[in-house]
There are 2 protein chains.
Amino acid sequence: MATIGDVASEAGVARSTVSAVLTGRKFVQPETRARVEAAIAKLDYSVNSGARALATRRTMNLGLVVSFHGLEFSPALATYIFAITDAAREHGYGVLLLTQPDGVAAVRHAIATREVDGLILMSVTEDDPRIEAIAAAGFPAVLIGMPEEARGLDAVDLDFAGAARKLVKRLADAGHDRITFVTWPDDVYESRRTFALRFRDAALEAAARLGVELHVVPCSAEPDEALGALREILRDDEAPRALLVHNDAAVAFLPLVMHELGLQVPADHSVVSLYSSELGRLYALPYTAVESEPEHVATLAVEALVRRLAGSGAPNGAATLVAALLTERSSVAE
Amino acid sequence: MATIGDVASEAGVARSTVSAVLTGRKFVQPETRARVEAAIAKLDYSVNSGARALATRRTMNLGLVVSFHGLEFSPALATYIFAITDAAREHGYGVLLLTQPDGVAAVRHAIATREVDGLILMSVTEDDPRIEAIAAAGFPAVLIGMPEEARGLDAVDLDFAGAARKLVKRLADAGHDRITFVTWPDDVYESRRTFALRFRDAALEAAARLGVELHVVPCSAEPDEALGALREILRDDEAPRALLVHNDAAVAFLPLVMHELGLQVPADHSVVSLYSSELGRLYALPYTAVESEPEHVATLAVEALVRRLAGSGAPNGAATLVAALLTERSSVAE
DNA sequence: CTGAAAGCGCTTACAG
DNA sequence: CTGAAAGCGCTTACAG
């Protein structure tokens with residue numbers, strides 16, 4: 001492997017001059033620059049990223065802290081991971097996957113060893129212990145989620161509260177005054193995942209305001225259990241004819257269970273939901289829904305982190321909510 | 001951030017002594033070691049991974065080369081990514097996601113800048129151009145897939161040929177002499193993805209040997225197109241009553257289409273397939289199938305790469321096939 | 001505008 | 001068994 005010294009002797013200049021053309025932070029005489037570039041090409045030289053990282057104190061890598069040993073429905077998670085990696089690359093950053101089951105340990109280790117310049121946290125909960133570990137170290141980071149107290153960190157997420165209001169209103173406007181709200185299982189709420197809490201609270205508030213009865217039905221996020229739960233919900237003839245579904249597994253299996261029971265949308269049931277277009281694609285979902293836009297959220301999160309790494313972030317951290325957009329798919333009876 | 005020098009002065013020893021206790025490659029007097037460890041704890045010191053990488057010439061990171069802008073069905077890909085990351089961590093390695101659309105560029109860049117110690121390649125094709133780039137550089141790498149010519153690289157994959165033989169035989173043994181083979185679309189074959197070719201060729205060979213008619217029906221891997229293709233296949237009353245499905249999107253939507261058309265398994269159709277248990281879980285698949293075992297394959301791939309990084313790999317590369325195991329789920333009419 | 005020197009924070013022969 | 005020195009391959013003030 002050629003080093004910067006080899007290039008310097010080949011071009012007949014000092015190492016610092018080669019470095020100047022490499023980093024582009026200094027003006028170099030065009031003729032000198034041409035000689036250096038020729039030497040680089042001839043020796044097939046590339047800068048050693050580790051050495052550069054040591055000298056600049058920047059690794060140009062971001063750490064993505066994500067644990068999939070938990071309550072996650074993997075198709076949704078994967079979409080975020082891919083979108084974040086793409087967005088990071090656009091800004092010249094690589095992504096290191098930090099997947100220890102213990103997120104606090106992952107965060108502490110990454111910060112202490114300086115193997116990344118900043119952190120992106122997925123699956124954020126209210127009073128997430130990882131936030132404290134990051135804030136205490138004063139390390140650059142961005143949250144995907146909206147905890148009550150971000151401790152000065154940037155946070156980005158879909159406006160789940162706005163989404164809930166829009167969806168409830170959509171059903172109410174169509175004349176439904178009783179709605180079954182198929183939501184996450186109790187353990188998601190117990191773990192205080194922020195998206196679930198924000199959606200639920202806003203849905204309840206909107207329903208009360210609009211004079212709509214909301215029947216909250218927790219449903220497992222485990223595929224096979226969700227399947228069973230849906231059968232039970234839909235077999236009940238007394239139940240409302242309108243479904244508000246916020247649970248990826250439940251909405252994924254809804255078409256199958258509808259077919260099993262011979263039910264039609266919107267003739268038998270109106271359905272509205274919230275999911276990513278990728279989930280919609282993977283399960284061919286035909287429902288009027290707010291799209292969760294993981295690509296959009298991921299892009300904004302990476303941009304916020306990059307801005308902070310450049311020293312130009314808001315001093316006390318900024319919260320960015322992506323507006324909820326409703327896509328009509330004719331699954332609501334008018 | 002404390003450095004090794006700070007620890008040395010705190011403990012009253014030389015930096016090299018601190019390094020000796022850190023790496024554990026040298027015997028240090030227990031009493032000295034205790035002093036060093038106390039200093040480390042007091043200063044909350046962690047080794048700077050970049051500096052260590054520069055000195056040792058090992059980053060302790062692996063690069064995972066994967067592109068999801070292609071023909072992939074993302075749930076399956078995600079399972080591999082997670083399994084590889086977990087396996088790497090068990091061996092003390094981190095995983096850097098290398099997802100450029102241009103895989104050759106990704107490989108070249110990673111090798112040239114030395115940002116990883118070794119590479120793991122997903123979605124390997126026959127005469128994959130990435131293989132040549134790696135072999136030319138003599139860089140440590142492992143393939144997930146089985147190309148005709150691995151150029152000295154290690155390769156790991158499920159025994160897709162064995163899987164195909166088992167599945168065809170299962171249907172033949174149950175008395176089926178005509179089988180519809182729902183397989184990947186033409187572009188998967190044109191891109192020469194090794195798993196598709198090996199499965200198809202073995203299926204055709206086994207059918208010929210057993211005197212079974214195999215009707216090869218390509219099916220899109222795009223969810224919505226797969227849905228339409230399945231409807232067409234299953235509406236044909238003249239078609240065989242046995243299905244061999246090797247296409248994640250097709251098998252994922254099979255339960256839905258069966259319900260739509262009022263068809264039962266195995267009463268109306270026998271079905272056998274090949275998919276990961278994770279895909280089976282995400283889509284609640286009820287079919288007798290060979291499991292593709294991404295976790296097993298990922299673990300073996302990481303182990304092969306780690307072995308090579310330790311200098312103890314087979315000189316000319318080794319190919320490891322994971323045996324195909326059939327799981328019965330009563331989807332074959334006897 | 002270019003170059004010599006110091007420094008980033010480690011590890012590893014090599015003396016002692 | 002411990003320590004002083006050199007080196008990993010860069011970048012960045014600082015002179016000239």
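Naming convention: chains lettered A, B, ... in sequence-line order (proteins, then strands); numbering from 1 in each chain.
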State which of [options] makes the closest approach to the side chain of [X].
X	options	value
A:Leu54	C:dT2, D:dG9, D:dA4	D:dG9
A:Thr32	D:dC1, C:dC10, C:dT2	C:dT2
A:Val13	C:dT11, C:dG3, D:dT2	C:dG3

Rounded to whole Å, please give me the gap between [atom1] in [X] and [atom2] in [N].
X	N	atom1	atom2	value
B:Leu22	C:dG9	CG	C1'	11 Å
B:Asn48	C:dC8	CG	P	12 Å
B:Glu31	D:dC1	CD	C1'	12 Å
A:Ile4	D:dC8	CD1	C1'	14 Å
B:Leu43	C:dG9	CG	P	14 Å
A:Glu115	C:dC10	CD	P	14 Å

At a cut-off of 3.5 Å, list every protein nitrogen or oxygen paired with a nitrogen or oxygen from nucleotides 12-16 of chain C, distance to 0.1 Å.
none

If you apply the rule side-chain contact (heavy atoms from CB on, under 4.5 Å), what do you find for B:Leu143 with B:Thr194, and how did you get there?
CA-CA 11 Å; B:Leu143 311 174; B:Thr194 74; over 6 Å; no
Which part of the nucleic acid does B:Ser46 contact within heavy-atom distance under 4.0 Å: base, sugar-phosphate only, or nothing?
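Sugar-phosphate: the residue B:Ser46, judged by heavy atoms under 4.0 Å, touches backbone atoms but no base.
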Atom pair CZ (B:Arg52) and CD1 (B:Ile4), whose distance is rounded to the nearest 0.5 Å:
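B:Arg52 CZ to B:Ile4 CD1: 8.5 Å, rounded to 0.5 Å.
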Nearest 0.5 Å please: distance from the CZ atom of A:Arg130 over to the CG atom of A:Leu98.
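Those atoms lie 10.5 Å apart.
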Heavy-atom distance under 4.5 Å between the side chains of A:Arg58 and A:Tyr93, does that happen here?
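Counting from C-beta outward, A:Arg58 and A:Tyr93 do come under 4.5 Å.
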Check whether any side-chain heavy atom of A:Leu62 sits under 4.5 Å from a side-chain heavy atom of A:Val116, and report yes or no.
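A:Leu62 vs A:Val116: side chains apart.
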side-chain contact (heavy atoms from CB on, under 4.5 Å) between B:Val21 and B:Thr32, intermediate numbers included:
CA-CA 9 Å; B:Val21 350; B:Thr32 313; over 6 Å; no
Is the number of heavy atoms from other residues, nucleotides or ligands within 6.0 Å of CZ (A:Arg35) greater than 12?
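Yes.
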For B:Leu22 and B:Tyr45: C-alpha separation, side-chain torsions, deciding distance, then whether side-chain contact (heavy atoms from CB on, under 4.5 Å) applies.
CA-CA 11 Å; B:Leu22 250 28; B:Tyr45 168 79; 3.8 Å; yes
Does a side-chain N or O from A:Arg52 land closer than 4.0 Å to OP1 or OP2 of D:dT11, or not?
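Yes.
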Taking only the side-chain nitrogens and oxygens of A:Arg57, find out if one of them lies under 4.0 Å from OP1 or OP2 of C:dG9.
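So the side-chain polar atoms of A:Arg57 do come within 4.0 Å of the phosphate oxygens OP1 or OP2 of C:dG9, strictly under.
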Watson-Crick or G-U stems of DNA chain D, 3 or more pairs, under 3.5 Å, by first number:
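Stem segments, range with range: C:1-3 with D:14-16, C:5-12 with D:5-12, C:14-16 with D:1-3.
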CA sep, side-chain torsions, deciding dist, call: A:Leu305, A:His91, side-chain contact (heavy atoms from CB on, under 4.5 Å)
CA-CA 10 Å; A:Leu305 184 51; A:His91 291 275; over 6 Å; no
